[in-house]
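These notes are about the structure you will find just below.
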2 protein chains.
Amino acid sequence: MRIGELAARAGVDVQTLRYYEREGLLDPPARTRSGYRSYAPAHLERLNFIRHCRSLDMALADVRRLLELSKDKSASCDEVNAKVHAHLERVRAKRAALQVLERQLAALDAQCASGHRVADCGILEELIHAAHGEACACHAGPAAGAREVSAADRWRGR
Amino acid sequence: MRIGELAARAGVDVQTLRYYEREGLLDPPARTRSGYRSYAPAHLERLNFIRHCRSLDMALADVRRLLELSKDKSASCDEVNAKVHAHLERVRAKRAALQVLERQLAALDAQCASGHRVADCGILEELIHAAHGEACACHAGPAAGAREVSAADRWRGR
DNA sequence: CTTGACCCGATAGTAGCTACAGGGTTTTGA
DNA sequence: TCAAAACCCTGTAGCTACTATCGGGTCAAG
């Protein structure tokens, strides 16, 4: 199986496969004489596993570790459980933060009266006004929850 | 006001301010003879506006546009309204996707029986099993909703 | 006059791809 | 038989919104 076929079968981009190989998630396949990658069915299985984990929004580093762990059948699976559980908690936290954010934006969106000029745009006014009250960020205003979104946006990087 | 003070007052990193300046979000301030940045109070106001928009998870490109628009008081505010509304819709979609994801992960997490070895780890088994059923991605399986999360993760980039 | 806190610009790194550029190879069909 | 199209290769740069580090300059206190 050449790279294009594997990519099509798994529904990913060819570039992504080369990227996974570079990152050590997919074993380097055999090569034809002309240097083309030649994949075995096992590669497709592994790739499907990776994509499934990614569809659950797991970090590639975690996926790589799960792949390692799954090789050693006699190893303890505590780490697997912990990883999945920790990931669930992060997703939970992020979803909660987005819920707060959604409410704030909905309120902002509702400010849009029929003012057609920027001069009396309720949204801009609200944005500027809120910005004033928020300076110094040393109190727990309504934006405190949302502020965590930006941080949470990077949770996979930790 | 030097950069350190402005950063402290707005609760951001000094580097972030230099970044905002480079990106055209903050006007270049005056400089002292030795080249230090010297900010006016207006810079703090503007910065607070930016940080408030960011706390609502808006993209910097959108913030930059809002700043431009807010200068011309006689301009139409349709674009402001549209931007905020579109942003709200993206947040809504992402939150919904995360909700689906959360359910899937919770189910996965519940698979963790008391098997202590990888060989009989319910989670790994489930991950591998699900990956099999998912190949080709041409049907709408339970992961279809979650798959949008990864895509949604990049919605700001579009 | 030295120590430490501050500041400068430039560069590189983060996650997970995606999109080139500038080549070589294989397949198809006229 | 040969040309075009479709595929493949490596390497590099781009995306977001920062953050960190480097090597050096400046300033205030003691």
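So that the names make sense, note that chain A is the first sequence line, chain B the second, and so on, each numbered from 1.
Of the residues near DNA chain C, A:Gln15 and A:Tyr36, the one whose nearest nucleotide (by heavy atom distance) lies more toward the 5' end is A:Gln15.
Nucleotide D:dT26 holds its P atom 15 Å from the CZ atom of B:Arg37, rounded to whole Å. Between the CD atom of B:Glu5 and the C1' atom of D:dC27 there is a distance of 15 Å, given to the nearest Å. In this structure, CG of B:Leu17 is placed 10 Å from P of C:dC8, rounded to the nearest angstrom. Between A:Ile3 atom CD1 and C:dT26 atom P the separation is 16 Å, expressed in whole Å. Between A:Met58 atom CE and C:dA15 atom C1' the separation is 17 Å, expressed in whole Å. For the pair B:Leu26 CG and D:dC18 P, the computed distance is 12 Å after rounding to whole Å. In this entry the distance linking CG of B:Leu6 with C1' of C:dC6 reads 15 Å, nearest Å. In this structure, CZ of B:Arg31 is placed 12 Å from P of C:dC7, rounded to the nearest angstrom.
Here the CD-OG1 distance, from A:Glu23 to A:Thr16, works out to 11.5 Å after rounding to the nearest 0.5 Å. B:Leu25 contributes atom CG, which lies 10.0 Å from atom CD of B:Glu68 (distance to the nearest 0.5 angstrom). Rounding to the nearest 0.5 angstrom, the gap separating the CG atom in A:Leu88 from the CD atom in B:Gln104 is 11.5 Å.
Note on A:Arg2: every side-chain N or O is 4.0 Å or more away from OP1 and OP2 of D:dC7. Side-chain nitrogen and oxygen atoms of B:Ser34 include none within less than 4.0 Å of the OP1 or OP2 phosphate oxygen of C:dC7. In terms of phosphate contacts, B:Arg33 brings no side-chain nitrogen or oxygen within less than 4.0 Å of OP1 or OP2 of D:dC27. Taking side-chain N and O atoms only, A:Thr16 has a distance below 4.0 Å to OP1 or OP2 of C:dT18.
B:Asp57 has no carboxylate O lying under 4.0 Å from a charged side-chain N of B:Arg95, or vice versa, which leaves the two without a salt bridge. The residues B:Glu5 and B:Arg2 are annotated as not salt-bridged, no charged nitrogen and carboxylate oxygen being separated by less than 4.0 angstrom. Salt bridge annotation for A:Glu89-A:Arg92: present, with a cationic side-chain nitrogen under 4.0 angstrom from a carboxylate oxygen.
By the 4.5 Å heavy-atom criterion applied to side chains, B:His52 and B:Asn48 are not counted as neighbours.
Contacts between residues 18-25 of chain B and DNA chain D, defined by a heavy-atom separation under 4.0 Å, are made by B:Tyr19, B:Tyr20.
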